[in-house]
Engineer: 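Below you will find the structure I want to go over with you.
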Amino acid sequence: MTALNALQGSDASMSMIYHYAVAMLILAALCFVFGAAGGWISVQGSAGLAKNLRNGMFSHIQTFSFENIDHFSTESLVTRMTTDVNNVQQAFQMILRVVVKSPVSMICALVLAFSINWKIGLIYVVVIPILGLGLFWVAKVTHPIFQRVFRKYDKLNQIVRENLHGIRVVKGFVREDYESGKFKNASGEIRKDFTKAEKILACNSPMMQGAIYICLILISWLSAKAIVRSNNGVAAMGISMTTGDLQNLIAYSGMILMSLMMLSMIYVMVMMSRESARRICEVLNEKTSQNTIEHAVRDVPDGEVEFQNVSFHYASDPNRQCLKDINLHIRSGETIGIVGSTGSGKSTLVSLIARLYDVSSGSVRVSGVDVRRYDMEALRNAVAFVLQKNLLFAGTIKENLRWGNPDATDEEIRDVCRLAQADSFIENLPDKYDTHIEQGGANLSGGQKQRLCIARALLKQPKILILDDSTSAVDSRTDARIRQAFADYIPSTTKIIIAQRITSVQDADRIVVMDGGLINAVGTHEELLKSNAIYREIYESQQKGGRTDE
């Protein structure tokens with residue numbers, strides 16, 4: 001009878017073991033499913049965050065004025081949209097994976113440890129705050145280092161950008177070794193700071209493990225004493241323990257250790273991404289210095305321009321006045337030439353017309369209306385720029401020209417190319433207007449790029465056309481033909497021509513001579529030759545140079 005009862009008890013015990021085994025297998029399967037789902041969701045979520053950050057930053061940058069862009073620099077904006085976003089993405093992915101799992105696991109383990117014996121559980125309460133102080137010290141020391149690192153990333157990107165942009169100059173002057181040395185120095189500085197920060201962050205893991213092992217030693221020592229005393233019928237410090245309780249406490253300590261290790265990994269990534277997040281927010285929170293006012297004027301009737309007591313300085317250097325007390329009235333349809341030495345303020349003056357920058361004092365009026373009262377898009381659609389740096393984008397000639405007017409017909413494109421004297425070389429290209437232009441127009445000459453940029457500007461049918469030294473790379477005959485085409489075909493358009501060559505402006509209705517940010521003189525070619533020493537000096541030096549060339 002006793003054997004039968006023992007057999008039945010054994011069967012009941014095995015049944016319970018099978019029951020728990022099946023339950024554990026089901027829980028393991030659920031852990032696998034939810035773990036895989038959590039990993040997939042974290043990857044999707046972090047990639048989506050990175051995409052939204054990049055899109056948000058890029059869209060916001062499009063609203064920036066030149067002043068805002070100057071504040072950050074191009075290289076810094078590139079770093080923020082690439083390296084900084086990648087850092088935030090990786091940190092966010094890790095947070096999504098363990099931000100719930102690890103804290104919950106650690107809290108459950110602490111609760112279970114306290115349920116076994118709350119007095120021994122107090123060991124965790126003492127050790128974990130000490131660990132927190134150590135982590136706070138790590139954060140305080142590493143944050144300034146990461147601030148330096150990302151500023152140096154900006155510098156590194158600047159070196160790369162300058163080198164690639166000016167690669168022909170680098171090779172022409174055989175300066176590859178010099179450029180390589182600059183890059184190595186910048187890269188070495190990043191490595192030095194990053195290594196220093198990583199060495200400090202590496203203290204996280206030893207601190208975590210040290211704290212938990214101290215807990216294990218104290219728990220094992222106190223529990224062992226309590227178990228021995230309990231077996232002897234004596235409670236040590238009021239603590240009664242069994243061997244099973246000790247095994248459970250060690251298991252819970254292992255759970256706490258794993259949770260702390262995962263949180264340590266997150267902590268390291270958060271420290272690295274903290275400065276990146278700040279830099280990203282700095283861009284997103286930047287307010288453009290130029291805004292369209294409510295009820296803005298949306299129609300620009302003509303190309304009349306008036307500068308009234310205009311002064312201007314860049315925000316980065318408020319003590320240096322680039323323009324001082326400028327007063328100038330330009331009638332609609334008039335052709336104005338602007339000459340002067342380098343740095344005299346010629347390009348700065350015309351950039352105020354389309355609000356690329358805003359005046360520091362005074363006002364710029366177009367058609368009698370202050371440019372700050374216009375809708376920004378309407379104003380800039382009425383003004384066409386051909387800048388000193390001719391920029392063409394990768395694509396066909398047609399695609400580049402349609403920047404001036406996306407709806408332009410093929411015939412309209414050919415018409416503006418004839419005016420800009422660009423049709424002759426386009427027709428000789430293998431694919432004519434469908435010829436592919438490499439990035440920056442690398443497969444075109446300087447004169448060809450200038451003529452295409454002029455054609456693109458003409459396609460806007462602007463009220464005001466500004467040419468900032470934009471025919472410097474074409475020969476004098478082509479330059480004269482372009483100016484004649486302007487006079488014949490766009491007589492109602494106000495034309496402002498900045499030039500180094502007197503021949504490019506001598507037929508203008510009036511010529512403005514600038515010197516040191518001031519208007520030195522205004523008059524026709526003949527009047528200035530007689531009355532203005534600066535103009536006469538420029539003219540005579542160019543005439544002498546021309547005779548020498550002949």
Side-chain angles (χ1 to χ4, degrees), residues 46-47 49-51 53-62 64 66-94 138-139 141-202 268-286 314-317 389 391 393-394 438-440 442:
S46 60
L49 173 69
K51 172 191 171 186
L53 284 176
R54 289 193 186 96
N55 289 346
M57 289 174 70
F58 189 80
S59 298
H60 191 54
I61 288 169
Q62 301 309 302
F64 282 2
F66 281 22
E67 184 178 327
N68 295 120
I69 294 173
D70 292 343
H71 169 68
F72 286 104
S73 84
T74 304
E75 295 76 24
S76 179
L77 290 173
V78 171
T79 304
R80 292 166 198 248
M81 293 186 63
T82 51
T83 303
D84 288 329
V85 171
N86 285 338
N87 287 339
V88 172
Q89 178 183 355
Q90 292 172 12
F92 186 66
Q93 182 177 339
M94 285 298 298
V138 169
V141 173
T142 56
H143 182 63
I145 299 174
F146 282 120
Q147 284 183 315
R148 290 201 306 270
V149 165
F150 290 113
R151 285 197 296 269
K152 290 177 180 179
Y153 267 125
D154 294 343
K155 182 180 178 181
L156 188 73
N157 278 341
Q158 180 183 10
I159 293 171
V160 173
R161 181 173 176 267
E162 286 181 346
N163 181 269
L164 295 178
H165 185 71
I167 192 66
R168 288 174 174 80
V169 177
V170 173
K171 291 187 176 297
F173 284 87
V174 197
R175 298 288 279 176
E176 293 91 342
D177 291 341
Y178 172 76
E179 288 293 308
S180 296
K182 271 197 338 184
F183 185 86
K184 285 180 181 178
N185 288 337
S187 183
E189 288 180 6
I190 292 174
R191 180 200 62 80
K192 181 180 178 181
D193 276 345
F194 215 89
T195 302
K196 183 178 180 180
E198 288 288 358
K199 284 179 180 178
I200 298 171
L201 287 173
V268 170
M269 299 198 74
V270 167
M271 283 298 98
M272 292 177 61
S273 63
R274 178 183 170 188
E275 178 62 16
S276 292
R278 187 196 66 79
R279 285 159 54 89
I280 291 169
C281 290
E282 194 176 32
V283 175
L284 293 174
N285 293 331
E286 177 79 2
Y314 291 100
S316 58
D317 191 6
K389 297 179 180 179
L391 181 60
F393 298 87
E438 295 177 8
Q439 185 177 6

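Both backbone and side-chain heavy atoms feed into the values below; hydrogens, waters and symmetry mates do not. Quick caveat, the model's predicted, so the values are computed rather than measured.
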Engineer: List the residues meeting ring-ring contact (aromatic ring centres under 6.0 Å, His included) with Tyr178, not counting sequence neighbours, and say none if there are none.
Structural biologist: none

Engineer: Calculate, to the nearest 0.5 Å, the distance between atoms CE and OG belonging to Met94 and Ser273 respectively.
Structural biologist: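 It comes to 11.5 Å.
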
Engineer: Ala50 and Gln89: which non-hydrogen atoms are nearest, and at how many Å?
Structural biologist: CB-OE1, 3.4 Å

Engineer: Would you find a donor on one side and an acceptor on the other, under 3.5 Å apart, between the side chain of Arg54 and the backbone of Met81?
Structural biologist: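 Answer holds: yes.
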
Engineer: Could you please spell out the steps behind the side chain to side chain contact (heavy atoms under 4.5 Å, CB included) verdict for Asp193 and Glu189?
Structural biologist: CA-CA 6 Å; Asp193 276 345; Glu189 288 180 6; 5.8 Å; no

Engineer: Run the salt-bridge test on Glu275 and Arg278 with the 4.0 Å N-O cut-off and return the result as yes or no.
Structural biologist: yes

Engineer: Please round to the nearest 0.5 Å and tell me the distance separating atom CG of Asn86 and atom OG1 of Thr79.
Structural biologist: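 Between atom CG of Asn86 and atom OG1 of Thr79 there are 11.5 Å.
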
Engineer: Rounded to the nearest 0.5 Å, what separates atom CG in Asn185 from atom NZ in Lys155?
Structural biologist: 8.0 Å

Engineer: Flag yes if more than 12 heavy atoms outside Asn285 fall under 6.0 Å of its CG atom; otherwise flag no.
Structural biologist: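 Yes, the 6.0 Å shell around CG holds more than 12 heavy atoms from other groups.
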
Engineer: Donor-acceptor check, side chain of Ser59 to backbone of Asn55, threshold 3.5 angstrom: yes or no?
Structural biologist: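 Between the backbone of Asn55 and the side chain of Ser59 there is a qualifying donor-acceptor contact (under 3.5 Å).
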
Engineer: In this structure, are over 12 heavy atoms from other groups packed under 6.0 Å from Lys196 atom NZ?
Structural biologist: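 Counting neighbours around NZ of Lys196, 12 or fewer heavy atoms of other residues, nucleotides or ligands fall under 6.0 Å, so no.
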
Engineer: To the nearest 0.5 Å, how far apart are CG in Asp177 and NZ in Lys184?
Structural biologist: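 It comes to 8.5 Å.
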
Engineer: Using 0.5 Å steps for rounding, measure from the OG atom of Ser187 to the NZ atom of Lys152.
Structural biologist: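 Rounded to the nearest 0.5 Å, the OG-NZ separation comes to 11.5 Å.
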
Engineer: With rounding to the nearest 0.5 Å, note down the distance linking CD1 in Ile61 to CG in Leu284.
Structural biologist: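 Atom-to-atom, Ile61:CD1 and Leu284:CG are 8.5 Å apart.
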
